[in-house]
Amino acid sequence: MPRVVFDPERCKGCGLCLAFCPTRAVGMDEGLNRMGYHPAVLLDEAACTSCAACAWVCPDLAVEVYVPVKAGERRAGVG
Amino acid sequence: MPRVVFDPERCKGCGLCLAFCPTRAVGMDEGLNRMGYHPAVLLDEAACTSCAACAWVCPDLAVEVYVPVKAGERRAGVG
Amino acid sequence: MRQIFAGTDGLTQSTTIYCPGCTHGITHRLVGEVLEELGVTGRTVGVASVGCSVLAYEYFNCDMQEAAHGRAPAVATGIRRVLPEAVVFTYQGDGDLASIGMGETIHAAARGERITVIFINNANYGMTGGQLAPTTLLGQVTTTTPGGRSAATAGYPIRVCELLATLDGPAYVARTSTHNVAELHRTKKAIRAAFQAQLEGAGFSMVEILSTCPTNWGMDPVRAMEFVAKEMTATYPLGEFVNWRRGN
Amino acid sequence: MRQIFAGTDGLTQSTTIYCPGCTHGITHRLVGEVLEELGVTGRTVGVASVGCSVLAYEYFNCDMQEAAHGRAPAVATGIRRVLPEAVVFTYQGDGDLASIGMGETIHAAARGERITVIFINNANYGMTGGQLAPTTLLGQVTTTTPGGRSAATAGYPIRVCELLATLDGPAYVARTSTHNVAELHRTKKAIRAAFQAQLEGAGFSMVEILSTCPTNWGMDPVRAMEFVAKEMTATYPLGEFVNWRRGN
Amino acid sequence: MAERILLKGNEALGEAAILAGCRFFAGYPITPQNEIPAYMARRMPRVGGVFIQAESELAAINMVYGAAGAGARAMTSSSSPGISLKQEGISYLAGAELPSVVVNIVRGGPGLGGIQPAQSDYFQATRGGGHGDYRTPVFAPNSVQEMVDLTMEAFEVADAYRNPVLVLGDGILGQMMEPVALPPAREAPLPPKPWATTGAKGPGRRIINSLYLDPVVLEQRNLWLAEKYARMRGLARAETVGMEDAEICLVAYGATSRIVKGAMQMARREGIRAGLIRPVTLWPYPTVSIREAAGRVEAFLVVELSLGQMVEDVRLAVDGKAPVHFYGRTGGMVPSPREVLEKLREVAAGMGKRRVVAAGAGA
Amino acid sequence: MAERILLKGNEALGEAAILAGCRFFAGYPITPQNEIPAYMARRMPRVGGVFIQAESELAAINMVYGAAGAGARAMTSSSSPGISLKQEGISYLAGAELPSVVVNIVRGGPGLGGIQPAQSDYFQATRGGGHGDYRTPVFAPNSVQEMVDLTMEAFEVADAYRNPVLVLGDGILGQMMEPVALPPAREAPLPPKPWATTGAKGPGRRIINSLYLDPVVLEQRNLWLAEKYARMRGLARAETVGMEDAEICLVAYGATSRIVKGAMQMARREGIRAGLIRPVTLWPYPTVSIREAAGRVEAFLVVELSLGQMVEDVRLAVDGKAPVHFYGRTGGMVPSPREVLEKLREVAAGMGKRRVVAAGAGA
Amino acid sequence: MTHEVIMAGHGGQGVLYMGTLLARAGMLEGKEVSWLPSYGAEQRGGTANCAVVIGDEAVVSPVVYEATGAVVMNGPSLEKFAPHVRPGGVLVVNTSLAPERVERGDLRVVALPANRLAEETGDGRSANMVALGAFAAATGIVRMDNLLEALRQATPARRRHLLAGNERALRRGEEWMGKD
Amino acid sequence: MTHEVIMAGHGGQGVLYMGTLLARAGMLEGKEVSWLPSYGAEQRGGTANCAVVIGDEAVVSPVVYEATGAVVMNGPSLEKFAPHVRPGGVLVVNTSLAPERVERGDLRVVALPANRLAEETGDGRSANMVALGAFAAATGIVRMDNLLEALRQATPARRRHLLAGNERALRRGEEWMGKD
Ligand SMILES: Cc1ncc(C[n+]2csc(CCOP(=O)(O)OP(=O)(O)O)c2C)c(N)n1
Ligand SMILES: Cc1ncc(C[n+]2csc(CCOP(=O)(O)OP(=O)(O)O)c2C)c(N)n1
Ligand code: SF4
Ligand code: SF4
Ligand code: SF4
Ligand code: SF4
Ligand code: SF4
Ligand code: SF4
Ligand SMILES: [Mg+2]
Ligand SMILES: [Mg+2]
């Protein structure tokens with residue numbers, strides 16, 4: 001499972017996540033979603049640090065961010 | 001001619017001139033004017049210094065103030 | 001004898017409807033004198049507002065418009081823009097200017113509209129019988145704060161000069177008082193400065209004048225002046241808040 | 001994988017009508033998160049205003065009222081007084097709050113009304129197609145200042161936080177921005193402080209949030225954020241203006 | 001019957017609101033209704049209610065919107081210019097279906113006008129001075145007792161229909177004192193308001209709103225409202241005096257109706273068989289009473305403190321079946337019964353020659 | 001004839017104002033009339049006029065008051081909720097007799113409503129949504145060309161009578177483009193305004209005012225205004241189409257009248273002899289045209305984008321002489337000619353059984 | 001019979017209060033009453049007046065056009081309201097502040113030096129009570145015991161100290177009529 | 001004949017502009033015309049559409065209920081407006097953004113890959129011009145020279161550099177019809 005999941009049907013393709021991603025891990029999809037926008041996609045999974053900058057700047061709640069669970073860590077709810 | 005002339009028909013008998021006269025030269029008339037007020041009067045002509053305090057505080061433009069003309073002074077208009 | 005104090009050509013001959021000892025009358029005279037002394041009465045359009053001074057159009061010896069309650073600065077703006085050469089002023093109470101008309105006041109000031117506002121702060125609504133004004137002091141009894149103004153339900157007094165001083169449009173903003181002869185002299189100077197600012201095209205100008213309402217305060221005129229001196233100036237410090245000449 | 005960022009229960013699931021990249025959406029999320037984190041969503045009544053955020057009642061996951069243009073603080077006052085236990089907030093644009101609603105804003109603040117105002121300053125009227133707002137920068141082009149805002153005809157920008165800071169009623173007044181992640185963190189902190197002020201009964205609270213309007217500014221969302229960072233913060237300095245905890 | 005006490009109309013109205021369970025009042029001073037906010041300022045804190053002197057009429061009506069939306073019985077009052085300022089707010093209250101009471105103690109207009117009694121806001125009150133298709137029931141008391149009774153009823157009607165309701169008085173009614181029997185305070189719990197926003201989240205959350213961007217939905221909203229307004233027509237009410245044998249039907253409301261009643265009595269002494277229909281509700285208009293009378297009388301004489309506004313509703317009800325005459329005074333002038341009698345005599349003299357007489361000069 | 005150019009209704013209206021000599025515009029944005037202030041913002045500086053985006057509708061109408069009082073041809077524009085906010089100001093303009101033009105590009109209501117075209121502010125426009133006895137002429141264009149012509153005329157009427165004049169459009173008229181021939185700019189000097197406050201002292205000084213504390217004087221003022229309003233009745237105007245042989249008289253104004261005309265043509269093809277009276281002025285209402293028709297047709301069908309407002313004026317004019325039917329759509333919905341035709345067929349089918357049909361559901 | 005009374009004077013003379021007492025006393029007699037003040041800007045420093053109607057039937061019009069009786073407390077009020085009294089009506093004139101001579105010969109004029117009489121009873125401010133007492137006695141509109149009761153009912157606790165003086169003044173007016 | 005045309009698409013596609021050009025061209029032919037846009041909140045990121053009427057007589061209603069022809073520039077517009085075209089009417093569908101298949105069999109459907117054709121002419125943004133050219137050719141509603149003249153008139157000086165591309169696109173649409 002990737003660290004960042006973009007919801008292609010909420011995304012309006014504004015590009016803010018792309019612009020604010022410090023690791024340049026985000027790109028825009030070629031295809032259009034139902035609203036007619038090119039949604040964001042995680043291009044470079046490896047580069048992503050789960051810093052959540054993309055989620056913070058997203059105006060459309062289209063981003064979920066995950067971190068790998070360390071050994072022994074409890075699977076808790078949303079931080 | 002007195003230094004201060006109160007217009008008994010403009011005066012509303014508020015007593016401000018009396019209160020602010022530094023020489024206590026002002027008093028109120030016993031009689032009533034057409035509006036039903038006791039108008040101000042110059043009680044003590046001699047005490048008056050033409051300081052114009054009474055005129056400054058009068059809300060009803062009921063006060064004219066004069067100073068004696070010194071010898072050689074031109075009779076000019078209102079200062 | 002030489003006359004050193006007489007009526008002013010800036011006012012008409014009418015007697016006013018103001019209560020005995022009400023300082024509205026004094027302020028009228030000061031404004032009239034300044035207009036006369038500046039020689040602009042003949043090109044002045046004044047705007048009367050709704051309050052005890054609603055009949056100001058009968059008293060100022062110049063063209064006058066009567067504005068709806070609170071809207072004098074908007075009316076003055078209309079006049080100002082149409083008559084670039086005219087001198088335009090409003091004469092407003094604290095209910096008119098700071099309550100219903102707060103929006104118009106701030107926006108005319110922010111626009112730097114070249115008008116002069118004479119603002120009579122008598123800490124209540126005189127004309128309608130003494131209700132709470134935005135400027136009523138904490139603890140002050142009015143017909144709508146029968147237990148005295150409580151901050152918890154009726155809020156805090158608004159200091160209009162301080163408010164306007166945060167804007168870039170005003171050229172001159174000062175608060176003066178009417179409670180003694182010295183203050184009246186200062187008030188007249190401030191009024192003159194305010195009109196001067198307008199004449200120089202410097203921007204919006206306003207003089208807030210602490211005033212009495214003996215009738216609704218339930219005080220005789222002299223006690224009312226003491227109230228201004230002691231109580232009102234404590235909440236409303238006197239002074240210049242903006243002066244285009246000094247650059248603040 | 002553990003989820004560290006997800007939707008908030010403070011918002012509904014609806015997608016918004018905002019243009020792509022418009023920071024209205026970000027601010028919604030921050031407010032929703034704060035409501036959720038404070039655990040008050042279930043006792044909150046929000047007031048939507050008239051502007052691009054007019055449909056805010058569809059987005060915040062709490063009881064909502066839609067107010068007439070500019071009157072949100074008055075509507076919120078009515079709610080506040082009737083429901084002493086509720087959390088009450090308004091969400092208003094700069095046209096709504098600082099132009100037509102200036103009077104209501106200042107008076108709610110002066111009353112120390114226990115409401116929280118989220119104030120979106122995007123330097124223009126978004127919803128109606130990009131007209132001059134009181135907060136439009138000097139020189140900024142809008143549909144009603146086609147040659148750029150000129151102080152001479154359209155006046156100067158109004159700094160609302162500075163204005164309200166002159167009043168005694170506000171408990172918390174701050175200006176923050178949305179132009180990068182760090183500022184968004186600060187914005188969220190400010191929103192939380194503002195609601196905290198309300199919960200503690202300290203008085204009126206407001207957070208002015210510098211925001212983008214990519215559509216009407218004719219900029220892409222990223223350029224728009226740069227505009228906020230460079231141009232808007234120059235006219236509208238960020239910071240806390242009143243904080244009841246610090247006593248200023 | 002409760003003991004009668006002497007009360008000023010404005011204060012009686014204020015007390016009536018409190019008896020009806022009103023616990024939120026926001027207003028702004030204006031003559032001749034200043035006693036209402038002053039009374040509320042004294043009384044509300046004692047009954048655990050809220051009094052706010054709003055910064056303006058606009059703020060006041062919108063505070064009422066918020067309070068009513070939060071479930072309180074809420075009221076505001078003003079006089080003519082102030083009521084004009086509330087028109088947007090009233091349209092919003094109607095659009096969002098918020099029960100509330102708005103009192104207009106009418107004074108002379110237009111503009112700043114004067115402060116003496118008038119009835120020149122009839123059109124505004126009955127046709128909706130605000131924008132959009134909406135209606136508000138309008139109660140028109142003609143005594144201090146009715147200032148009490150109709151105000152209390154106004155709150156019930158407001159809640160029953162989720163609609164703003166107007167009480168239309170005038171300077172005479174507001175300022176006069178008469179003995180009144182105050183009804184007991186409403187004891188029953190207020191009607192439940194499951195739509196009120198009191199704080200909730202999730203699917204049960206509530207929204208107070210009048211915006212419908214989709215015209216299909218907005219039209220449905222309008223039709224829903226229209227249906228409600230049709231139901232409200234049942235509220236129409238009039239008092240009739242001496243209509244059994246009347247050949248001339250006087251129509252007047254509010255304080256004017258009392259003067260007209262005086263004139264009617266004088267006329268009857270002269271052998272002119274006049275009767276009076278006094279609308280108690282101005283909207284819905286008691287059209288049926290008038291229409292019935294139209295079949296029986298020779299002529300109508302409408303008397304108002306205006307240039308002729310209600311006369312249109314009379315003409316709409318009469319629908320050409322009898323001539324409709326008008327007599328009006330304006331600007332704060334109040335006719336004497338003798339003046340109205342004079343006019344009655346004229347109408348009586350001209351009877352037989354049936355014709356429709358145009359309403360007041362041009363208005 | 002001047003060359004025809006393609007213009008949007010709102011912009012054409014703005015240009016017409018300038019051609020008429022309007023040199024002061026104050027407004028506040030609101031859909032669907034935003035093109036008017038935007039146009040004025042561009043154009044006014046180029047003709048030496050003033051454009052101000054006011055801080056609110058209240059400020060805008062009061063700026064117009066000041067500017068008109070100072071002698072300028074002045075205009076403001078808005079849409080429904082904003083016009084409600086201007087009601088106090090309009091009453092003041094009428095009271096102080098200040099010539100000015102107020103444009104309402106109507107949208108659906110009540111409350112925030114919607115932004116699509118409507119005609120639900122008819123009562124407000126024609127009965128005076130503000131307080132007091134006052135009237136304003138109301139022009140109702142039905143094309144972009146008339147947006148130009150009637151706006152220009154509005155300024156002339158305003159000056160001729162010293163009165164505010166309304167132009168009532170709707171979203172369709174404001175947003176649509178049509179070819180227009182712009183008349184030449186008014187070249188004659190503006191009528192002298194010896195009452196305007198331009199700066200004067202002494203006995204010749206001027207006062208703009210609507211306050212008359214003495215009811216005797218205020219009544220005189222009201223009678224003076226009433227007389228003026230009576231003189232204004234001569235402004236009443238209607239366009240009639242196909243009324244020579246009509247058995248059903250359609251009545252509609254504004255954009256609706258065009259759709260209704262379409263329906264009328266369709267009906268005639270089916271043998272239903274329909275005619276159309278289109279009021280061009282809504283106040284004064286073209287009562288005489290309607291009344292004349294009432295003697296000749298079998299029935300009236302009034303079509304409005306509202307729940308039924310103008311229908312009252314039709315009924316007042318018809319005065320019981322023929323049944324008056326109503327068809328309305330609301331909330332931004334616009335009927336198709338076919339829908340209106342359907343209704344026409346119904347009316348035609350029911351003819352013969354003369355009866356008065358109540359206007360729209362409850363409004 | 002229906003009494004339609006006008007009471008007039010200047011701002012501080014307690015004219016409106018006098019009217020409310022009369023109305024209250026009327027109620028105590030089981031009558032229908034109304035009281036209507038002039039209001040508004042007029043009052044300021046100017047005149048004050050009210051109309052009181054007392055009768056057996058529900059009051060038709062609270063506005064008084066042709067008074068059956070009037071009390072005028074100063075000169076301007078005399079000028080303004082004397083013409084509005086019906087022939088045969090009672091007109092009480094406070095001669096302390098108004099001329100004794102009344103132009104009309106068709107009225108029952110009571111020339112009453114109310115201020116002087118009030119001062120005699122010890123409180124110069126109760127001239128209104130003196131006039132009211134005299135008016136009641138002259139017209140029989142209400143009985144003195146009801147006036148006194150009305151006064152008691154209308155006097156709030158914090159004004160109790162003024163009660164005795166006002167009662168004396170009411171009686172003084174009545175007495176003075178006896179003498180008249 | 002009166003043409004009643006609907007043009008629809010999403011916000012940035014220049015649909016309203018396309019409509020104004022058509023109306024202008026109609027005027028150049030000496031016809032009566034009207035143009036009515038949808039407006040308001042709808043537009044934001046959503047759909048845009050306008051109605052154009054062109055005929056010999058004064059336009060009766062600017063509102064189009066049953067179109068004689070339509071241009072739909074994307075999928076949602078196709079869904080929304082296809083049902084509003086009269087039997088036998090022309091429907092130009094931009095198949096670059098909308099499905100080629102149209103449910104109705106009673107229309108003259110022109111399947112036009114407008115975006116692709118526009119890109120071929122060198123400016124991907126002029127898909128609207130391609131569609132307009134095709135629509136004009138398919139319906140004969142206005143002549144190409146008048147469309148070109150309308151375009152010239154409507155192009156302000158600061159947009160002159162776009163003129164040639166737009167002309168090419170208009171012509172490309174026309175050509176494409178010829179080939180069709
Ligand atoms: C729209 C409107 N609201 C209210 C009023 C009533 N009104 C007249 S004067 C006034 C208050 C005036 O107070 P202020 O401005 O302080 O002036 P002051 O009388 O104290 O000098 C009010 C509320 C009005 N005329 N119009
Ligand atoms: C009384 C009234 N006036 C005007 C409008 C039109 N209007 C709707 S939104 C708006 C401006 C909104 O601008 P802002 O508050 O800055 O919000 P934004 O859209 O920029 O977020 C205006 C003027 C209205 N709906 N009601
Ligand atoms: S979480 Fe951080 S690194 Fe990963 S995609 Fe988002 S912004 Fe880039
Ligand atoms: S910020 Fe959000 S809406 Fe914008 S492109 Fe990224 S995911 Fe999409
Ligand atoms: S001039 Fe001065 S001294 Fe003379 S009376 Fe006036 S205040 Fe007193
Ligand atoms: S200050 Fe003026 S009004 Fe007052 S008492 Fe003196 S002269 Fe009379
Ligand atoms: S009421 Fe007050 S402010 Fe008004 S005139 Fe009287 S004293 Fe002056
Ligand atoms: S118009 Fe501006 S403020 Fe409104 S949603 Fe679009 S970008 Fe945001
Ligand atoms: Mg005041
Ligand atoms: Mg904005």
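Letters A, B, ... are given to chains in the order of the sequence lines, protein chains preceding strands, and every chain is numbered from 1.
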Closest heavy-atom pair, C:Thr166 versus D:Arg159, reported as atoms and distance to 0.1 Å, is O-NH2, 3.2 Å

Check: D:Thr153 main-chain N/O paired with C:Arg81 side-chain donor or acceptor under 3.5 Å: yes

Per-residue tally against chain D (heavy atom, under 4.5 Å) across C:Arg111, C:His107, C:Arg114 peaks at C:His107

Pick one of side chain, backbone, both or neither for C:Ala154, based on which atoms fall under 4.5 Å of a heavy atom in chain D. backbone

In terms of heavy-atom proximity below 4.5 Å to chain D, should C:Ser99 be classed as side chain, backbone, both, or neither?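 For C:Ser99, heavy atoms of backbone and side chain both lie under 4.5 Å from chain D.
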
For D:Ala98, is it the side chain, the backbone, both, or neither that has a heavy atom closer than 4.5 Å to a heavy atom of chain C? backbone

Check whether D:Ala110 gets within reach of chain C through its side chain, its backbone, both or neither, counting any heavy atom under 4.5 Å. both

To the nearest 0.5 Å, what is the distance between CD1 (D:Ile106) and CD1 (C:Ile158)?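 Here the rounded value is 6.5 Å.
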
